[in-house]
Amino acid sequence: MKLNKRFLAVLVLVVMAFSLAACSGGESTIVGTWKMDLEGMLAVSGISKADYEAMKSTIGEIEMTMEFTKDGKVITKITMMGQTETETATYKVEGNQLYVDGDPGEFKLNGNKLTLTYDGQSVDFTRK
């Protein structure tokens, strides 16, 4: 149970960090829905894949998506334990800078892969 609480706390921090990355939108190449890669989620949380697999029987699959809309909104959803939490923020893209609710981060696109970097921590997403 200790591990579950730590994992949840880190996941909440990730969502908050990325929810803090934009200002008001405009058209950008990141428009669409992106799913966080499991490896990225585990790297951010500090949990090993073996520990995650052991926890899945208790908490189920975990999925995090970010949807960047054409009108400058980013909708973050985390599904865990059969429940989905949703947060909405605004974003703005300037070059490779991504501002979520005014806080800066960076993004990099490579085909259907999106890498978001905030405070030195990078997480990969795949276009859904």
Side-chain angles (χ1 to χ4, degrees):
M1 277 308 206
K2 233 181 188 181
L3 191 57
N4 291 346
K5 288 180 183 177
R6 178 176 178 226
F7 185 72
L8 293 174
V10 171
L11 243 123
V12 168
L13 289 175
V14 169
V15 170
M16 289 173 60
F18 287 120
S19 292
L20 294 174
C23 205
S24 112
E27 190 173 328
S28 73
T29 56
I30 66 171
V31 170
T33 301
W34 300 87
K35 179 180 176 184
M36 182 187 279
D37 293 347
L38 176 61
E39 291 77 20
M41 188 171 19
L42 296 178
V44 168
S45 68
I47 294 174
S48 72
K49 190 167 185 172
D51 287 342
Y52 172 74
E53 292 297 327
M55 289 177 4
K56 269 191 349 187
S57 63
T58 304
I59 64 174
E61 291 286 334
I62 298 173
E63 180 177 288
M64 177 179 169
T65 61
M66 296 182 80
E67 177 186 0
F68 293 89
T69 66
K70 290 181 183 178
D71 64 349
K73 292 182 181 155
V74 57
I75 303 158
T76 304
K77 293 181 181 179
I78 296 180
T79 302
M80 174 174 27
M81 298 175 68
Q83 297 182 332
T84 300
E85 294 289 327
T86 303
E87 289 191 31
T88 302
T90 58
Y91 78 95
K92 182 178 181 180
V93 172
E94 292 178 359
N96 71 334
Q97 295 292 305
L98 173 66
Y99 297 87
V100 175
D101 284 346
D103 292 325
E106 294 182 8
F107 78 100
K108 180 180 177 184
L109 282 172
N110 185 6
N112 285 331
K113 291 286 184 185
L114 168 67
T115 301
L116 297 177
T117 304
Y118 184 78
D119 278 345
Q121 183 70 49
S122 295
V123 179
D124 292 326
F125 292 79
T126 303
R127 190 181 295 273
K128 281 185 86 173

Practice task
For Gln83, look at atom CD and say whether over 12 heavy atoms of other residues, nucleotides or ligands are found less than 6.0 Å away.
Solution key: no
Practice task
Go through Ile62 and Met36 one step at a time and tell me if the side-chain contact (heavy atoms from CB on, under 4.5 Å) criterion holds.
Solution key: CA-CA 10 Å; Ile62 298 173; Met36 182 187 279; over 6 Å; no
Handout entry: Heavy-atom check, side chain of Leu116 versus side chain of Trp34, under 4.5 Å
Key = no
Practice task
Quick one: list whatever passes side chain to side chain contact (heavy atoms under 4.5 Å, CB included) with Asp124, sequence neighbours left out.
Solution key: Asp37, Thr115
Handout entry: Polar contact flag, side-chain donor to acceptor under 3.5 angstrom, Lys113-Thr126
Key = yes
Practice task
Determine the minimum heavy-atom distance between Thr117 and Ser122, stating which atoms define it.
Solution key: OG1-OG, 2.7 Å
Handout entry: Rounded distance [0.5 Å steps], CZ in Phe68 versus OG1 in Thr76
Key = 7.0 Å
Practice task
Applying side chain to side chain donor-acceptor pair (under 3.5 Å), name anything that partners Thr86, two or more places apart in sequence or on another chain.
Solution key: none
Handout entry: Heavy-atom side-chain contact between Met66 and Leu114 under 4.5 Å
Key = no
Exercise for the section: Supply the atom-to-atom distance Met81 CE to Thr58 OG1, rounded to the nearest 0.5 angstrom. Expected result: 8.0 Å
Handout entry: Greater than 12 external heavy atoms within 6.0 Å of Glu63's CD
Key = yes
Practice task
Look up atom CD1 in Ile78 and atom CE in Met64, then write down how far apart they are to the nearest 0.5 Å.
Solution key: 5.0 Å
Exercise for the section: Spell out, yes or no, whether Phe125 and Ile75 are grouped together once hydrophobic residues are joined by side-chain heavy atoms under 4.5 Å, including indirect joins. Expected result: no
Exercise for the section: Compare every heavy atom of Gln97 with every heavy atom of Phe107, then report the nearest pair and how far apart it is. Expected result: CE2-O, 4.0 Å
Exercise for the section: To the nearest 0.5 angstrom, please state how far the OH atom of Tyr118 sits from the CG atom of Leu98. Expected result: 10.5 Å
Handout entry: Partner of Thr33 under side-chain contact (heavy atoms from CB on, under 4.5 Å), chosen from Arg127, Glu67, Lys77
Key = Glu67
Problem - N-O pairing of Glu106 and Lys108 below 4.0 Å - result: no
